Trainee: 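Below you'll find the structure I mean.
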2 protein chains.
Amino acid sequence: MSLLFSRQCEYALQAVSYLALHPRGRLVSIRELTKRLKIPYHFLGKILQGLVQKRILISHKGHSGGFALALPPEDISFYDIIKTIDGTQFKHQCAMGFSECSSESPCAIHDQWEKSRNELYKLFSGRNLAEMANAMNKPGYRTLKL
Amino acid sequence: MSLLFSRQCEYALQAVSYLALHPRGRLVSIRELTKRLKIPYHFLGKILQGLVQKRILISHKGHSGGFALALPPEDISFYDIIKTIDGTQFKHQCAMGFSECSSESPCAIHDQWEKSRNELYKLFSGRNLAEMANAMNKPGYRTLKL
DNA sequence: TCCTAATCAGAGTATTTTATCTTATTTAAA
DNA sequence: TTTAAATAAGATAAAATACTCTGATTAGGA
């Protein structure tokens, strides 16, 4: 089971991060992405297709084609990806699964969870892909490098 | 899609919270629980069966049977429930889905996510059901009351 | 021009999760 | 002692998610 996001969404975040490490406009093939990220080939194809339709990525068919960010990395946040794939439920959902949970009618852990959730929301929406890429290029980071 | 935990786990947390509101040892039927919590009858039956096998609950068959906490509510935390149903992945898992993510080989958001995750872990493991029940009995709380 | 390496698109399959059905068993109360 | 109200347990169904396959289209390069 995945934790915060669906598999699809996790894969999308990974792929988009990888694209952000490349110079603007440079096309990266599904082949390269799936090899590097260990994601099933056709599954990633589908996911990226979706992001093209949502105008987050662009793609070129044919020989030496591939995918690239549609916008400058400064203008894309993780949350932009998350909401196109998993929707916006992240901002509202109760941790215990109560549908009617709110500050007027809270569950036993409503306030604390809301606090953590807001911090996470800030993390995902407040930083753009350029900042992410910078962080990944610093010496300590090793998970995703060109 | 559920967020932090599986549906099963959410239902279990709801049910166990409801049991904690009752006097120690008082049996509550599946019927009452599912009515009160709007959980599918047989599905909750299965879930509670599992918690009985894990010795978190006790059950009595037959007329006026039902379920109750196996231990004093002071000795049960949300995390006790979570780990029997969803396992312990919550404590380790990377938000971006990288399997090799760690402080030695972190992803772009590793540190911040770890911080939030630890706070959440404290929330779920550091408070017991008695404290939860107290919180739920205070005036402001309305989601779950007897 | 023709071949090959790509994505595109949609259908199809597999797996996991969620939910239901059915029958058996237990037990308190009438 | 009978009956009704419970849980136990296994089988099955439905839905959601994850993944695969295939054929079409596109476009660069030999």
Side-chain angles (χ1 to χ4, degrees), chain A residues 1-15 19 26-70 82 84-87 89 93 97 99, chain B residues 1-15 19 25-70 82 84-87 89 97 99:
Chain A
M1 204 193 60
S2 58
L3 203 51
L4 286 174
F5 311 120
S6 67
R7 254 310 136 70
Q8 270 198 54
C9 189
E10 289 178 351
Y11 289 160
L13 293 175
Q14 294 180 16
L19 294 179
R26 162 75 151 288
L27 294 170
V28 181
S29 71
I30 300 186
R31 180 80 44 207
E32 179 180 345
L33 284 162
T34 54
K35 250 192 190 162
R36 191 65 178 70
L37 299 168
K38 292 170 203 140
I39 299 175
Y41 185 89
H42 293 90
F43 194 30
L44 185 59
K46 278 266 169 253
I47 296 168
L48 297 186
Q49 251 177 59
L51 294 178
V52 169
Q53 282 163 5
K54 299 283 183 175
R55 320 244 168 187
I56 289 171
L57 301 182
I58 55 161
S59 68
H60 278 99
K61 281 187 176 182
H63 198 269
S64 70
F67 295 86
L69 301 180
I82 293 163
T84 70
I85 297 182
D86 282 353
Q89 49 145 10
Q93 197 156 114
S99 55
Chain B
M1 202 194 61
S2 58
L3 204 50
L4 286 173
F5 311 120
S6 67
R7 256 310 136 70
Q8 271 199 55
C9 189
E10 289 178 351
Y11 289 160
L13 293 175
Q14 293 180 17
L19 293 178
R26 161 74 149 288
L27 294 170
V28 182
S29 71
I30 301 185
R31 179 76 48 202
E32 180 181 345
L33 284 163
T34 54
K35 251 192 190 161
R36 192 65 178 71
L37 299 168
K38 293 171 202 139
I39 299 175
Y41 185 89
H42 293 92
F43 194 31
L44 184 59
K46 282 263 171 260
I47 295 168
L48 297 185
Q49 253 178 58
L51 293 178
V52 169
Q53 282 163 5
K54 299 283 183 176
R55 319 245 169 187
I56 290 171
L57 301 181
I58 55 161
S59 68
H60 278 97
K61 280 188 176 182
H63 198 270
S64 70
F67 295 85
L69 301 179
I82 293 163
T84 70
I85 297 183
D86 282 352
Q89 49 144 10
S99 55

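These numbers were taken from a predicted model, which means no experiment stands behind them. Below, read A as the first sequence line, B as the second, and so on, with proteins coming before strands; counting in each chain starts at 1.
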Trainee: Glu10(B) and Gly97(A): which non-hydrogen atoms are nearest, and at how many Å?
Mentor: OE1-CA, 3.4 Å
Trainee: Picking from dA29(C), dA27(D), dT18(C), which would you name as closest to the side chain of His63(B)?
Mentor: dA29(C)
Trainee: Give the nucleotide from the list dC21(C), dA19(C), dT20(D) with an atom nearest to the side chain of Phe43(A).
Mentor: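 Between dC21(C), dA19(C), dT20(D), the one nearest the side chain of Phe43(A) would be dT20(D).
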Trainee: Rounding to an integer number of Å, can you tell me how far Tyr11(A) OH sits from dT17(D) P?
Mentor: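 Atom OH in Tyr11(A) sits about 15 Å away from atom P in dT17(D).
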Trainee: Remember a base hit wins even if backbone is also touched, and classify Phe67(A) as base, sugar-phosphate or nothing at under 4.0 Å, heavy atoms.
Mentor: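 If one applies the 4.0 Å heavy-atom cut-off, Phe67(A) turns out to touch the sugar-phosphate alone, with no base involved.
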Trainee: Taking all heavy atoms of Gly45(A) and all of Ile30(A), pick out the closest pair and write down the distance.
Mentor: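 Closest approach of Gly45(A) to Ile30(A): CA-CD1, 3.6 Å.
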Trainee: Starting at CZ of Arg31(B) and ending at C1' of dA4(D), how long is that distance when rounded to a whole Å?
Mentor: 13 Å
Trainee: Could you say whether Lys61(A) or Phe5(A) is positioned toward the 5' end of DNA chain D, judged by the nucleotide with the nearest heavy atom to each?
Mentor: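 Its nearest nucleotide lies further toward 5', so the answer is Phe5(A).
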Trainee: Return the value, rounded to whole Å, for the distance between atom CG of Leu27(A) and atom P of dC8(C).
Mentor: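 Value for this atom pair: 11 Å.
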Trainee: Pick base, sugar-phosphate or nothing for Gly66(B), based on heavy-atom distances below 4.0 Å to the nucleic acid.
Mentor: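 Here Gly66(B) touches the backbone only, sparing every base.
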Trainee: Within residues 46-60 of chain A, which residues have any heavy atom lying less than 4.0 Å from an atom of DNA chain C?
Mentor: Lys46(A), Gln49(A), Gln53(A), Ser59(A), His60(A)
Trainee: Whole Å only: how far is the CD1 atom of Ile39(A) from the P atom of dT20(D)?
Mentor: 12 Å
Trainee: Round to the nearest Å and state the distance from Ile30(A) atom CD1 to dT26(D) atom C1'.
Mentor: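 Spelled out: CD1 on Ile30(A) to C1' on dT26(D) is 14 Å.
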Trainee: Please give, in whole Å, the distance from dT20(C) P to Arg7(B) CZ?
Mentor: 12 Å
Trainee: Leu33(B) has an atom CG; how far is it from atom C1' of dA6(D), in whole Å?
Mentor: 13 Å
Trainee: Does a nitrogen or oxygen in the side chain of Tyr41(A) sit under 4.0 Å from OP1 or OP2 of dT7(C)?
Mentor: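 Checking dT7(C) against Tyr41(A), a side-chain N or O does come within under 4.0 Å of OP1 or OP2.
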Trainee: When the nearest nucleotide of DNA chain C is assigned to Ser64(A) and to Leu44(B) on a heavy-atom basis, which residue is associated with the more 5' position?
Mentor: Ser64(A)
Trainee: What is the distance, to the nearest angstrom, from the NZ atom on Lys35(A) to the C1' atom on dA5(C)?
Mentor: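 Atom-to-atom, Lys35(A) to dA5(C), this comes out as 13 Å.
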Trainee: Considering only heavy atoms from C-beta outward, does the side chain of Ile82(B) approach that of Leu4(B) to under 4.5 Å?
Mentor: no
Trainee: Is there a side-chain contact between Ile85(B) and Ile47(B) in this structure, where contact means two heavy atoms from C-beta onward sitting under 4.5 Å apart?
Mentor: yes
Trainee: Please report the C-alpha distance between Leu37(B) and Tyr11(B) in whole Å, then the side-chain angles of each, then the deciding distance to 0.1 Å, and finally whether the side chain to side chain contact (heavy atoms under 4.5 Å, CB included) criterion is met.
Mentor: CA-CA 8 Å; Leu37(B) 299 168; Tyr11(B) 289 160; over 6 Å; no
Trainee: Going by the side chain to side chain donor-acceptor pair (under 3.5 Å) test, which pairs reach into residues 32-57 of chain B, not counting sequence neighbours?
Mentor: Tyr18(B)-Glu32(B)
Trainee: Taking Leu69(B) as the fixed residue, which of Leu51(B), Leu57(B), Ile58(B) is the one that meets the side chain to side chain contact (heavy atoms under 4.5 Å, CB included) rule?
Mentor: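 Single pass found, and it is Leu57(B).
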